[in-house]
Amino acid sequence: MTIAPPSHGSAVWSDSRLLYALEEVVETELNRHLKVAKEWMPHEYVPWSDGRNFDGVMEGEAWAPEQSKVSDIGRTALVVNLLTEDNLPSYHHEIAQLFGRDGAWGTWVHRWTAEEGRHGIVMRDYLLTSRAVDPVALERFRMAHMSEGFESDNRHSMLHSVAYVAFQELATRISHRNTGHHSGDPVCDRMLSRIATDENLHMVFYRNLLKQAFVLAPDQTMSAVRDVVTGFRMPGHGIPGFERAAATMAIGGIYNLRIHHDDVLQPVLRFLKVLEIDGLGPEGLQAQEELGLFMAELDAQGRKFEERRQALLARRAARQG
């Protein structure tokens, strides 16, 4: 069923009208997702034979850094990535409120939550079994992070939320893949590659939904994309010590301005041809122009950051040599 746009004189689509108008697209994308998503078992990616008891009630061996097979940067990124996944109950609450629990929207919300749940399961099992990170510190971080709760920057608008997750799912995929590459452990790399495949499928779902939103409400969608891109923050920004961990991950080449511009924002914007869309009204044109200016400035900032990063890495290498 085709939903007519708002009547003449109506400034914007309401959330409820957009939800209804996009229902068919959600159903189409859900069916496509279910056809291409492959079943996988978290337990198959965990090196169980490496496991042994920790100290405490089991009177095992206390954790020590030398027991870890992953690199220092790998440990930092793995903790951030897992703590981000741990907040799934809050994410589910947010999207269930925004998208609803009925029809194709509700089916997707629950399917997405189930798939994301596997990520936290396999990551924690791997980290503890392989003794990749300090289990006591990890649990204390989890308690502190989840006790703070989570509120999305885009909870005020369904359209902003769709725009956000189109970029955020890709950002999460990139973070997982790069963490695996830098981990120094092939088992970790394989596990995070499996997770990244899921995240990419989630990105495709939301990206295609955003594409149809541009057809229905181009000015409104352009404004939402502008707001999301210029104010983007990863969902794990509330993790204790996130700023320091993010800086370490940036220097280590896991996630930084250069990667954010080149591998996250640009691919989605290019696929949607956001900066080429014509026929926009005054608000849409302004948002499109501001988005273009922001991307140019971010590109320049990314180049400067990469130059400084390479210089820093060279100095470190010289000292170690």
Side-chain angles (χ1 to χ4, degrees), residues 2-3 5-6 10-15 17-19 21-26 28-29 32-33 95 98-99 105 108 112 152-175 199-235 255-303 305:
T2 301
I3 306 298
S10 177
V12 295
W13 289 70
S14 66
D15 274 4
R17 189 173 181 84
L18 270 172
L19 282 167
L22 291 170
E23 178 88 21
E24 287 185 6
V25 184
V26 172
T28 297
E29 289 302 313
R32 179 199 55 77
H33 177 85
I95 66 171
L98 281 164
F99 300 153
W105 279 106
W108 167 254
W112 175 88
S152 169
D153 295 334
N154 303 287
R155 61 188 179 280
H156 63 285
S157 161
M158 183 277 289
L159 193 52
H160 280 71
S161 296
V162 169
Y164 175 74
V165 289
F167 295 104
Q168 180 267 319
E169 293 283 4
L170 182 53
T172 304
R173 169 186 178 263
I174 295 298
S175 181
E199 303 290 10
N200 196 64
L201 291 178
H202 298 165
M203 178 276 293
V204 171
F205 178 94
Y206 288 117
R207 184 193 65 186
N208 292 350
L209 203 56
L210 190 59
K211 181 179 181 180
Q212 184 60 24
F214 267 112
V215 174
L216 294 173
D219 292 291
Q220 204 170 332
T221 305
M222 185 67 73
S223 295
V225 170
R226 182 267 321 276
D227 294 344
V228 164
V229 168
T230 58
F232 186 89
R233 296 195 296 174
M234 289 293 275
Y255 201 93
N256 54 43
L257 284 178
R258 184 76 273 164
I259 294 170
H260 183 59
H261 176 277
D262 292 356
D263 299 337
V264 177
L265 299 182
Q266 280 282 43
V268 176
L269 294 175
R270 190 181 301 118
F271 176 86
L272 297 172
K273 297 182 171 61
V274 172
L275 298 180
E276 302 171 26
I277 294 175
D278 54 16
L280 297 167
E283 291 186 6
L285 284 171
Q286 181 180 348
Q288 188 181 49
E289 180 180 359
E290 291 173 352
L291 182 60
L293 292 172
F294 176 84
M295 290 297 295
E297 176 59 26
L298 186 65
D299 185 30
Q301 292 176 10
R303 284 197 301 271
F305 171 82

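This one's a predicted model, so the numbers in the text were calculated from it and none came from an experiment.
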Could you check whether any side-chain heavy atom of [X] comes within less than 4.5 Å of a side-chain heavy atom of [Y], counting everything from C-beta outward?
X	Y	result
Leu269	Val225	yes
His202	Thr172	no
Trp112	Glu169	yes
Asn208	Val25	no
His260	Leu298	yes
Val162	Leu18	no
Met295	Leu265	yes
Gln168	Phe232	yes

Given 3.5 Å as the limit, does a donor-acceptor pair link the side chain of [X] with the main chain of [Y], or not?
X	Y	value
Ser223	Ala287	no
Tyr164	Arg233	yes
Arg17	Ser14	no
Gln288	Val274	yes

Checklist entry - What are the two closest non-hydrogen atoms of Val264 and Ala171, and how far apart are they? => result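 Answer, listing the atom of Val264 first, then Ala171: CG2-CA, 3.7 Å.
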
Item to check | Least distance between heavy atoms, Pro267 atom then Asp262 atom | outcome: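 Heavy atoms of Pro267 and Asp262 come nearest at CD-O, 3.3 Å.
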
Checklist entry - Does the pair Arg32 and Phe205 meet the rule for a side chain to side chain contact (heavy atoms under 4.5 Å, CB included), with working shown? => result CA-CA 9 Å; Arg32 179 199 55 77; Phe205 178 94; 4.3 Å; yes

Next on the checklist: Please determine whether the number of non-hydrogen atoms from other residues, nucleotides or ligands lying under 6.0 Å from atom CD of Glu289 exceeds 12.
Outcome noted: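 Open.
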
Next on the checklist: Looking at Glu283, I want to see if its CD is surrounded by more than 12 non-hydrogen atoms of other residues, nucleotides or ligands under 6.0 Å.
Outcome noted: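 Counting neighbours around CD of Glu283, 12 or fewer heavy atoms of other residues, nucleotides or ligands fall under 6.0 Å, so no.
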
At what distance, to the nearest 0.5 angstrom, does [atom1] of [X] lie from [atom2] of [Y]?
X	Y	atom1	atom2	result
Phe271	Met203	CZ	CE	8.5 Å
Ser175	Leu170	OG	CG	11.0 Å
Phe99	Leu22	CZ	CG	9.5 Å

Item to check | side-chain contact (heavy atoms from CB on, under 4.5 Å), paired with Phe214, selected from Leu272, Asp219, Leu280 | outcome: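 Among Leu272, Asp219, Leu280, the one meeting side-chain contact (heavy atoms from CB on, under 4.5 Å) with Phe214 is Leu272.
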
Item to check | Check against side chain to side chain contact (heavy atoms under 4.5 Å, CB included), Arg258 and Asp299 | outcome: CA-CA 7 Å; Arg258 184 76 273 164; Asp299 185 30; 2.5 Å; yes

Checklist entry - In terms of ring plane angle, is the pair Trp108 and His33 parallel, tilted or perpendicular, where the classes change at 30° and 60°? => result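 Answer is perpendicular, since the angle exceeds 60°.
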
